[in-house]
Enquirer: 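Quick one: the structure is below, questions incoming.
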Amino acid sequence: MKKEDLLLQIKGIIDKGLPLVSNLSNVSSILNKLEDINWCGFYLVKEDTLYLGPFQGDVACTVILKGKGVCGTSLLEKKTIIVEDVTKHPNHIACSSISRSEIVTPIIKDNEVKGVIDIDSPSINRFNNEDKVFLEQVAETLSPLFK
Ligand code: SME
């Protein structure tokens with residue numbers, strides 16, 4: 001399915017009246033329609049630390065400190081990070097031995113990172129600028145759901 005259609009589905013399914021976990025669970029299911037990925041989901045910020053949120057894929061690490069791993073770096077730097085080859089990235093936290101490349105996009109509200117979207121692929125160099133633009137649109141769409 002095309003990214004534009006996934007974004008439309010996300011816009012159509014989210015409901016501000018629902019608990020955040022309900023919305024993010026369904027969004028993780030929609031993101032899981034992206035091709036050639038083995039994990040997608042959310043880490044949510046609580047007191048400057050990331051905690052595992054709704055996701056699709058194998059069991060993952062539950063706590064990531066700010067500045068640690070790709071997710072913690074995205075939290076710290078408030079920007080999307082693309083890792084072409086996780087085995088060559090010094091600051092990568094390996095949750096799954098299958099993952100070879102990764103993209104992480106922060107969800108920002110009122111200039112604060114509220115969480116990150118994390119997607120892993122079993123292929124090297126899976127993510128490009130088009131994925132970055134898409135995930136930043138998803139993050140912007142989800143931002144109003146956060147307190
Ligand atoms: N690889 C991430 C950890 C989370 S898993 O990919 C699900 C990182 O380096 O932050």
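Each ligand, and each atom within it, is numbered from 1 in the order the structure gives. Values reported hereafter were calculated over all heavy atoms of this structure, with side chains retained and with hydrogens, waters and symmetry mates removed.
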Enquirer: Checking contacts here: is it the side chain or the backbone of Cys71 that comes within 4.0 Å of ligand 1, counting heavy atoms only? Could be both or neither.
Expert: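 Under 4.0 Å from ligand 1, Cys71 contributes backbone and side-chain atoms.
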Enquirer: With nothing but distance in play, are any N or O atoms of Lys68 less than 3.5 Å from an N or O of ligand 1?
Expert: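 Among all N and O atoms of Lys68, none is under 3.5 Å from an N or O of ligand 1.
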Enquirer: Among protein heavy atoms, which sits nearest to atom 3 (C) of ligand 1, and what does the distance come to when rounded to 0.1 Å?
Expert: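 Protein heavy atom at minimum distance: Ile93 O, 3.6 Å.
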Enquirer: Just do the side-chain hydrogen bond (donor to acceptor under 3.5 Å, both in side chains) check on Glu136 and Thr105 with the steps written out, would you?
Expert: CA-CA 6 Å; Glu136 288 175 356; Thr105 294; 5.1 Å; no
Enquirer: Say whether Cys95, considering both its backbone and side-chain N or O atoms, lies within less than 3.5 Å of an N or O atom on ligand 1.
Expert: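 Not met; the criterion fails.
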Enquirer: Side chains of Ser121 and Phe127, heavy atoms from C-beta outward: is any pair under 4.5 Å?
Expert: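 The answer is yes; the side chains approach within 4.5 Å.
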Enquirer: Measure Asp120 to ligand 1 on non-hydrogen atoms and call it side chain, backbone, both or neither using the 4.0 Å cut-off.
Expert: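 For Asp120, only side-chain atoms sit under 4.0 Å from ligand 1.
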Enquirer: Would you indicate whether Glu140, at its atom CD, is surrounded by more than 12 heavy atoms from other residues, nucleotides or ligands within a distance under 6.0 Å?
Expert: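 Open: at most 12 neighbouring heavy atoms sit under 6.0 Å from CD of Glu140.
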Enquirer: Which of the atoms of ligand 1 are close to His92, meaning less than 4.0 Å from one of its heavy atoms?
Expert: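 Those atoms are 1 (N), 9 (O).
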Enquirer: Can a donor-acceptor pair be found between the side chains of Lys3 and Gln137 at a distance below 3.5 Å?
Expert: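 There is no such pair (donor and acceptor under 3.5 Å, judged by atom type) between the side chains of Lys3 and Gln137.
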Enquirer: Heavy atoms only, cut-off 4.0 Å: how does Asp118 contact ligand 1, side chain, backbone, both, or neither?
Expert: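 Side chain only.
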Enquirer: Any nitrogen or oxygen of Val70, main chain or side chain, under 3.5 Å from a nitrogen or oxygen of ligand 1?
Expert: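 Yes; at least one N/O pair falls below 3.5 Å.
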Enquirer: How far is atom 2 (C) of ligand 1 from its nearest protein heavy atom, and which residue and atom name does that atom have?
Expert: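 Closest protein heavy atom to atom 2 (C) of ligand 1: Glu102 OE2, 3.1 Å.
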Enquirer: Within the supplied structure, the quantity of interest is the number of heavy atoms (other residues, nucleotides, ligands) at a distance under 6.0 Å from Lys66 NZ; does it exceed 12?
Expert: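 Enclosed.
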Enquirer: Whether Lys2 and Asp5 form a salt bridge (side-chain N of Lys/Arg under 4.0 Å from carboxylate O of Asp/Glu) is what I want to check.
Expert: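 A salt bridge is absent here (no side-chain N lies under 4.0 Å from a carboxylate O).
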Enquirer: What are the atoms of ligand 1, with element, lying closer than 4.0 Å to any heavy atom of Trp39?
Expert: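 So the answer, numbered in order with elements, is 7 (C).
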Enquirer: Whether the side chain of Asn128 engages the backbone of Asp131 through a donor-acceptor N/O pair (distance < 3.5 Å, no angle test) should be reported.
Expert: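 Looks like yes, one N/O pair under 3.5 Å.
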Enquirer: So is Phe55 close enough to ligand 1, meaning a heavy atom under 4.0 angstrom away?
Expert: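 Not so, Phe55 does not reach ligand 1.
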Enquirer: Would one find more than 12 heavy atoms of other residues, nucleotides or ligands at under 6.0 Å from atom NZ of Lys109?
Expert: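 For Lys109, atom NZ is crowded (more than 12 foreign heavy atoms under 6.0 Å).
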